[in-house]
Amino acid sequence: MSFVLLAGMLALSVPAWAAPDPLAPSGRWSANSDGHAPVPPMGWNSWNAFNSDVDEEKVLASAQALVDTGLARLGYRYVNIDDGWWLKRRESDGRLIIRTAHFPSAATGPDPSFRPLTDRLHAMGLKAGIYSDIGRNSCGQIYTPDFKNQPEGSLAEREVGLYGHVDQDIRLFFAEWNFDLIKVDGCGVRGLPADAPRVRSGLYRALPPLVDMQSLGGSDVAGVRKLYTEVGEAIRRHSHGRPYVYSLCLWGAGDVRSWGKDVGNMSRTSDDIQPLWGRMLTNLDTVTHRALYAHPGSWNDADMLFVGTGDFDQQHGVEARSHFSLWAMLNSPLIIGYDLRKLRPQLLAIFGNAEVVALNQDPAGNQAVLAYDSGEVQIFVKTLADGSKAVALFNRTGAARDAILTADHLKMLPSSDVRLRDLWSKEERSFRGETKMQLAAHETRLFRVSGDRRLADGLYLSEQPGRINPAVDGIPAPLPDPTIHPSITPWVGTRGGGEHVQYGGWGGAEPDRAPYGKLLRVAGKSYDTGIGVLAGSRLEVRNAGFSQFAAMVGVNDSGRRADGPVVFEVWGDGKLLARSAAMRFGAAAAPIKADIAKVRIVELVARASGGTRTSAMPQPATWAEAALLK
Ligand code: GAL
């Protein structure tokens with residue numbers, strides 16, 4: 001027998017002198033579950049529409065438009081004030097002072113307050129969001145020469161960021177001003193080394209950078225994580241039980257893609273989106289391979305929507321619908337970045353497509369998984385709470401492309417009818433086996449799908465990424481993800497050799513794929529479902545009433561023959577339930593099973609088990625056909 005099924009009470013005996021086991025199961029879900037983001041937050045933000053030229057009239061007009069158009073009822077509730085609201089930090093007591101010339105209702109005496117504005121938004125049934133920076137200074141101060149509404153006054157008065165004021169500012173934002181969301185940017189810990197021109201000229205104080213967008217190795221990952229964690233703790237203290245959203249804005253730097261899920265409710269995976277097709281691709285690509293790193297409570301944020309502007313304006317309905325469809329499928333927060341005073345029916349029909357919004361807001365919280373991938377066409381599949389699916393067929397190119405959708409992509413039976421409902425045209429049709437469609441340039445065809453599931457009595461793990469947390473993903477050192485489209489950025493153009501931003505996360509755990517862009521394959525046999533991860537990993541899986549776990553385990557064929565074997569363990573609420581033999585490269589996958597009837601958290605541990613190691617990369621460990629069964 002190639003697997004052991006233990007009775008569920010076996011405890012490993014650990015000698016007292018042994019170092020703590022980094023893969024020790026905890027029996028608990030360790031990704032962030034504080035704050036309130038059971039589904040991706042939705043709403044509006046001032047930045048894409050107005051940059052720092054934000055004022056009360058613009059904010060309230062957009063809020064009113066959300067209510068009047070019915071978008072608020074669809075879920076667009078957060079109204080977020082981005083950079084540009086602050087006047088200064090008062091020197092006598094460190095209190096932040098609002099630019100009341102732009103926010104007249106905040107002129108409440110010597111201590112300006114956003115409370116009248118947040119009260120008003122709350123009375124409209126909306127929620128209110130504010131913006132700050134983790135360093136001493138804001139992005140506008142550091143990076144933009146002609147930024148409107150720069151903080152004013154002395155050097156100390158212009159230090160409007162959280163650094164050194166975390167408790168005071170968070171108390172002000174949440175306990176006094178009653179905000180419901182905070183976006184915390186990271187420019188202050190990125191752009192103020194001692195030799196920065198604005199430091200040398202005496203404009204700002206130096207702060208040794210913690211993140212370097214061009215160097216993962218040069219970033220202090222633990223240091224920047226600590227700062228963001230402290231802010232999260234302060235929000236918990238000062239929100240007094242009110243629901244809140246903590247939005248991290250570190251643009252994929254400092255390897256935030258691996259830890260953002262443990263700290264905040266949503267976390268930016270990339271630098272700023274622009275109203276450009278190529279840039280939308282870049283931002284999309286930073287979340288595509290990260291389905292396991294997003295769950296109810298903590299979402300990958302591909303940045304705010306640019307629907308309505310530039311390459312996604314009224315004249316570019318195909319592109320606008322693609323952008324929106326993809327953000328919905330990938331569970332990116334749907335935050336409108338358009339001046340809603342100008343909203344026309346054509347755009348409202350996009351933001352207001354209830355069936356598309358429903359995909360994003362589906363309570364299962366499964367980010368869509370890549371079923372087919374090329375630089376030209378991608379097929380994304382999302383499993384919904386009721387067991388049905390959605391599929392997006394996306395043409396990245398500027399010319400028409402054929403795409404074949406198969407029942408296998410959907411993990412549905414090829415022998416029965418698969419029914420498709422087009423969520424844009426509302427047409428319905430069905431197919432068996434496979435169907436071919438033509439995608440216009442830049443088009444996304446988006447369907448709700450029902451049919452007979454291949455696994456009738458359970459769910460594959462890769463169909464439920466929202467219930468899986470890669471608590472330890474085994475990546476020995478962060479590496480940049482080479483699959484991300486390198487776009488021309490407006491701020492650099494084609495000057496120099498290109499942007500070379502280092503988005504970490506390459507080699508992470510992935511549904512239906514092995515790490516480093518490889519397919520699931522063990523001893524020559526390919527698997528189209530499973531979880532690919534590195535040895536030295538521990539996955540936490542929330543069990544929603546299933547009674548059995550089953551998988552085929554082995555070293556992926558993308559590993560190395562000369563390297564040591566991998567042992568696979570299944571734990572239930574902290575107890576070892578099953579353990580595989582030591583699986584060598586080239587050995588056929590072996591079955592592993594465990595009874596999980598009363599288990600809440602299943603943990604899947606893959607351990608390197610001695611032997612040689614010829615590479616810095618651990619062996620890739622494959623949980624093929626992994627499933628929870630009734
Ligand atoms: C950037 C951030 C943008 C916007 C801007 C404000 O760092 O990514 O979304 O907030 O700062 O200056």
Side-chain angles (χ1 to χ4, degrees), residues 41 43-55 58-59 78-86 99 102 129-151 158-163 173 179 181-192 198 204 207 209-214 224 227-228 231 245-254 256-257 260 264 266-276 279-280 282-283 286-287 299-307 309 327 332-338 487 489-492 499 501 503:
W44 177 88
N45 175 297
S46 55
W47 180 252
N48 286 359
F50 303 115
N51 272 258
S52 60
D53 199 12
V54 56
D55 64 35
K58 289 167 179 164
V59 171
Y78 287 91
V79 174
N80 301 339
I81 305 170
D82 209 279
D83 206 347
W85 63 265
W86 34 38
R99 185 176 293 274
H102 286 192
I130 188 79
Y131 170 90
S132 191
D133 195 282
I134 198 82
R136 293 194 193 102
N137 297 96
S138 73
C139 290
Q141 289 179 311
I142 298 168
Y143 288 110
T144 324
D146 53 355
F147 203 68
K148 289 210 167 75
N149 308 325
Q150 290 282 22
R158 284 182 281 106
E159 291 186 345
V160 292
L162 289 164
Y163 198 84
F173 298 150
F179 278 100
L181 174 149
I182 187 167
K183 169 175 168 183
V184 179
D185 221 327
C187 293
V189 294
R190 167 181 167 194
L192 292 176
R198 291 176 197 199
Y204 305 120
L207 198 119
L210 295 177
V211 297
D212 180 342
M213 293 288 276
Q214 262 96 44
V224 71
L227 291 185
Y228 274 95
V231 171
V245 169
Y246 179 22
S247 162
L248 314 189
C249 182
L250 201 60
W251 340 274
V256 68
R257 291 202 301 164
M266 51 194 270
S267 173
R268 282 274 297 278
T269 51
S270 52
D271 205 344
D272 292 10
I273 191 167
Q274 296 292 315
L276 299 167
R279 192 65 190 177
M280 187 278 287
T282 303
N283 284 42
T286 62
V287 300
W299 307 101
N300 289 322
D301 176 6
D303 203 1
M304 300 165 288
L305 297 163
F306 248 127
V307 171
T309 309
W327 262 233
S332 190
L334 299 178
I335 310 284
I336 297 171
Y338 185 70
S487 47
T489 57
W491 46 89
V492 180
E499 215 193 6
V501 164
Y503 298 118

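Atoms within a ligand are numbered from 1 in the order they appear, just like the ligands themselves.
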Quiz item: Under the criterion side-chain hydrogen bond (donor to acceptor under 3.5 Å, both in side chains), which of Asp301, Asn283, Asn300, Asp303 is the partner of Ser270?
Solution: Asn283
Exercise. For residues Trp86 and Tyr131, report the shortest heavy-atom separation together with the two atoms involved.
Key: CZ3-O, 3.6 Å
Self-check item: Nearest atoms (heavy-atom pairs only) where Gly252 meets Arg257
Solution: CA-CG, 4.3 Å
Quiz item: Taking atom types as modelled and ignoring hydrogens, do the side chains of Gln274 and Trp491 form a donor-acceptor contact shorter than 3.5 angstrom?
Solution: no
Practice problem: Could you please provide the protein residues found below 4.0 Å of ligand 1 on a heavy-atom basis, arranged by chain and number? | Solution: Trp47, Asp82, Asp83, Tyr131, Cys139, Gly140, Lys183, Asp185, Cys187, Cys249, Trp251, Arg268, Asp272, Met304
Self-check item: Partners meeting disulfide bond (SG atoms under 2.5 Å apart) with Cys139 (sequence neighbours left out)
Solution: Cys187
Exercise. Heavy atoms only: give me the nearest Arg99-Gly84 pair and the separation to one decimal.
Key: NE-O, 4.0 Å
